[in-house]
Amino acid sequence: MGKSSKDKRDIYYRKAKEEGWRARSAFKLLQIDEEFDILKDVKCVVDLCAAPGSWSQVLSRKLYVPTKAANLTRDEDLPLIVAIDLQPMAPIEGVTQIQGDITSIRTAELVIQHFRGHRADLVVCDGAPDVTGLHDMDEFVQSQLILAALTIVTHVLRKGGNFVAKIFRGKDISLLYSQLKMFFPAVTCTKPKSSRNSSIEAFVVCEGYNPPEGFEPRQLYNLLERASGAYSDLDCCSSWLEGPNKIMIPFLACGDLSGYDADQSYPLPVHETTDMEHSVYQSLAPVQAPIAPPYKTAKELERKVGKFDFST
Ligand code: SAM
């Protein structure tokens, strides 16, 4: 599938290929780290909704590869990186992969098993549902993903650990902020420079995990199960948003603010030839093509029966 010229003019798309990142999203995590230093001293980390794997690559390159190269540590002292997604992912050095649904309790159990009694210092989640274009629906499904991520957090994160998650800044975002503030004293909403202004996505950086006394992690699963059933628990939670419970969250842009602008198109660099009129931009191949893309069956059918004609 060819990429449109708009994709090619996207500077982060091009830079991702040049630097060997599987997706431009890598820059979002790098820019969040520049601002909040979330990777400092991290030994155990969970990457939720990780495919195709550019955040896992960042974790591997920043945490695993340098430790391994230093050759000073035993295997069991190497950083532990566990990545989960519904989709399979091509391997990444030092990253253990689990194919699964983060809204299922089974997935949380699998993550815990991998940690062999350790707790995570950091959980990141870049999860996004297939966007329908129906804003209320998309925001609701996105908030369910974060609730699922938070549920895993409550099972695996150590006290004082951090959590970073993608959010859609819709009109009901205060409810999510209130939920997060119950578990983290510091919650900041951030928009990395590489995230397009035209997108409602932003990221919450939640620092210093400190669950309420007596909190039982299984409670959140009940909330998830009920919210995905016939009725939503949002009604029963809306009272949290009254009076002092309505929480204000600081907003912070991150990444070099004088650097590349994700909403700008930049001219293509051309490779000079002796014949200047025919200088062309050399588009790089994808760093890692999806190994089981959702359109795989359609492609196979197309190979067998030729192109579909939808006009008849
Ligand atoms: N951070 C990734 C990277 O840097 O390559 C990109 C993540 S992509 C924007 C969103 C991912 O969320 C998709 O791969 C999708 O399969 C995953 N996802 C959506 N719902 C999920 C669920 N319930 N459980 C696990 N993964 C899910």
Side-chain angles (χ1 to χ4, degrees), residues 7 10 12-13 15-17 19-33 38-39 45-63 81-93 95-111 122-132 137-153 155-156 163-168 191-192 194-196 199-205 220-221 224-225 227-228 255 262 286-296:
D7 281 325
D10 174 342
Y12 289 104
Y13 170 85
K15 291 256 159 232
K17 283 189 176 181
E19 294 176 23
W21 303 114
R22 293 179 181 182
R24 66 192 291 294
S25 335
F27 294 108
K28 299 176 193 170
L29 187 58
L30 288 166
Q31 289 169 352
I32 291 171
D33 182 46
I38 47 157
L39 300 184
V45 51
V46 184
D47 182 6
L48 299 171
C49 302
S54 76
W55 280 28
S56 288
Q57 284 184 291
V58 171
L59 298 171
S60 169
R61 286 192 201 177
K62 290 247 169 192
L63 304 173
I81 305 170
V82 179
I84 300 119
D85 202 285
L86 287 171
Q87 307 293 334
M89 226 164 79
I92 297 171
E93 187 181 3
V95 178
T96 304
Q97 291 181 31
I98 299 174
Q99 192 177 351
D101 181 347
I102 67 159
T103 62
S104 134
I105 190 158
R106 178 86 192 105
T107 307
E109 286 164 357
L110 281 174
V111 175
L122 174 69
V123 178
V124 295
C125 176
D126 189 25
D130 287 337
V131 175
T132 64
M137 169 81 111
D138 293 338
E139 277 164 42
F140 176 74
V141 180
Q142 178 68 16
S143 66
Q144 288 307 105
L145 266 188
I146 299 166
L147 188 54
L150 183 62
T151 308
I152 294 185
V153 162
H155 283 81
V156 303
F163 172 47
V164 174
K166 170 146 76 195
I167 57 166
F168 286 174
K191 178 95 175 159
S194 49
S195 172
R196 297 182 179 101
S199 154
I200 59 165
E201 87 168 6
F203 293 83
V204 277
V205 179
L220 277 181
Y221 272 111
L224 257 184
E225 277 158 17
S228 60
V287 171
Q288 171 65 58
I291 54 175
Y295 49 82
K296 191 174 166 193

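Just follow the structure's listing: the first ligand is 1, and inside any ligand the first atom is 1. Fair warning: this is a prediction, and the values are worked out from it, not measured in the lab.
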Could you check whether any heavy atom of Ala50 sits closer than 4.0 Å to an atom of ligand 1, since that is the contact criterion I want to use? yes
Shortest protein contact, atom 21 (C) of ligand 1 (heavy atom only): Leu86 CD1, 3.5 Å
Heavy-atom donor-acceptor pair, Gln288 side chain to Pro52 backbone, under 3.5 Å: no
Protein residue, atom and distance nearest to atom 24 (N) of ligand 1, heavy-atom basis: Ile102 N, 3.0 Å
May I ask whether Leu145 has any heavy atom positioned less than 4.0 angstrom from an atom of ligand 1? yes
Using atom types as modelled and distance alone, determine if a side-chain donor or acceptor of Gln97 lies under 3.5 Å from a backbone N or O of Asp85. no
Which atoms of ligand 1 have any heavy atom of Ser54 under 4.0 Å away? 3 (C), 4 (O), 5 (O)
Looking only at N/O atoms, are Gly127 and ligand 1 under 3.5 Å apart anywhere? no
Looking only at distance, does Asp126 have an N or O less than 3.5 Å from an N or O of ligand 1? yes
Say whether Ala148 and ligand 1 are in contact under the criterion: heavy-atom distance to a ligand atom below 4.0 Å. no
Determine yes or no for a side-chain-to-main-chain donor-acceptor pair under 3.5 angstrom, with Thr103 supplying the side chain and Ala148 the backbone. no
Atoms in ligand 1 flagged as close to Pro52, the criterion being non-hydrogen separation under 4.0 Å: 5 (O)
If you scan protein heavy atoms around atom 11 (C) of ligand 1, the nearest is Asp85 OD2, 3.5 Å
Could you list which atoms of ligand 1 come closer than 4.0 Å to a heavy atom of Ser25? 4 (O)
Here's a test for you: under side chain to side chain contact (heavy atoms under 4.5 Å, CB included), which of Ile84, Val111, Ile146 qualifies with Ile102? Ile84
Counting N and O atoms only, with roles assigned by atom type, does the side chain of Ser54 sit under 3.5 Å from a partner on the main chain of Trp21, one being a donor and the other an acceptor? no
Would you check if the side chain of Gln142 reaches a backbone N or O of Gly127 as a donor-acceptor pair within less than 3.5 Å? yes
Distance filter under 4.0 Å to Lys166 heavy atoms, resulting ligand 1 atoms: 9 (C)
Per-atom contacts, ligand 1 versus Asp101 - under 4.0 Å to a heavy atom: 22 (C), 23 (N), 24 (N)
What atoms of ligand 1 come within less than 4.0 Å of a heavy atom belonging to Gln87? 16 (O)
Quick note on ligand 1: atoms under 4.0 Å from a heavy atom of Gly53 include exactly 3 (C), 5 (O)
Can you tell me which residue among Asp47, Asp33, Val46 is in a side chain to side chain contact (heavy atoms under 4.5 Å, CB included) with Leu59? Asp47
Ala23, Ala51, Cys125: member with heavy atom nearest to atom 7 (C) of ligand 1: Ala51
Could you report the tightest heavy-atom contact between Cys125 and Phe163, atom names first, then the distance? CB-CE1, 4.3 Å
Are any of the side-chain nitrogens in Asp10 or Arg196 under 4.0 Å away from the carboxylate oxygens of its partner? yes
Would a distance-only check, ignoring hydrogens and angles, find a side-chain to backbone donor-acceptor pair under 3.5 Å from Gln99 to Leu86? yes
Nearest to atom 18 (N) of ligand 1 by heavy atom, Ala149, Ala16, Cys49: which? Cys49
At the 4.0 Å heavy-atom cut-off, does Arg22 count as touching ligand 1? no
Using 0.5 Å steps for rounding, measure from the CG atom of Leu145 to the CZ atom of Phe168. 9.0 Å
Is there a donor-acceptor contact under 3.5 Å linking the side chains of Glu201 and Ser195? yes
Contacting atoms of ligand 1, where contact means under 4.0 angstrom from a heavy atom of Ala128: 10 (C), 12 (O), 19 (C)
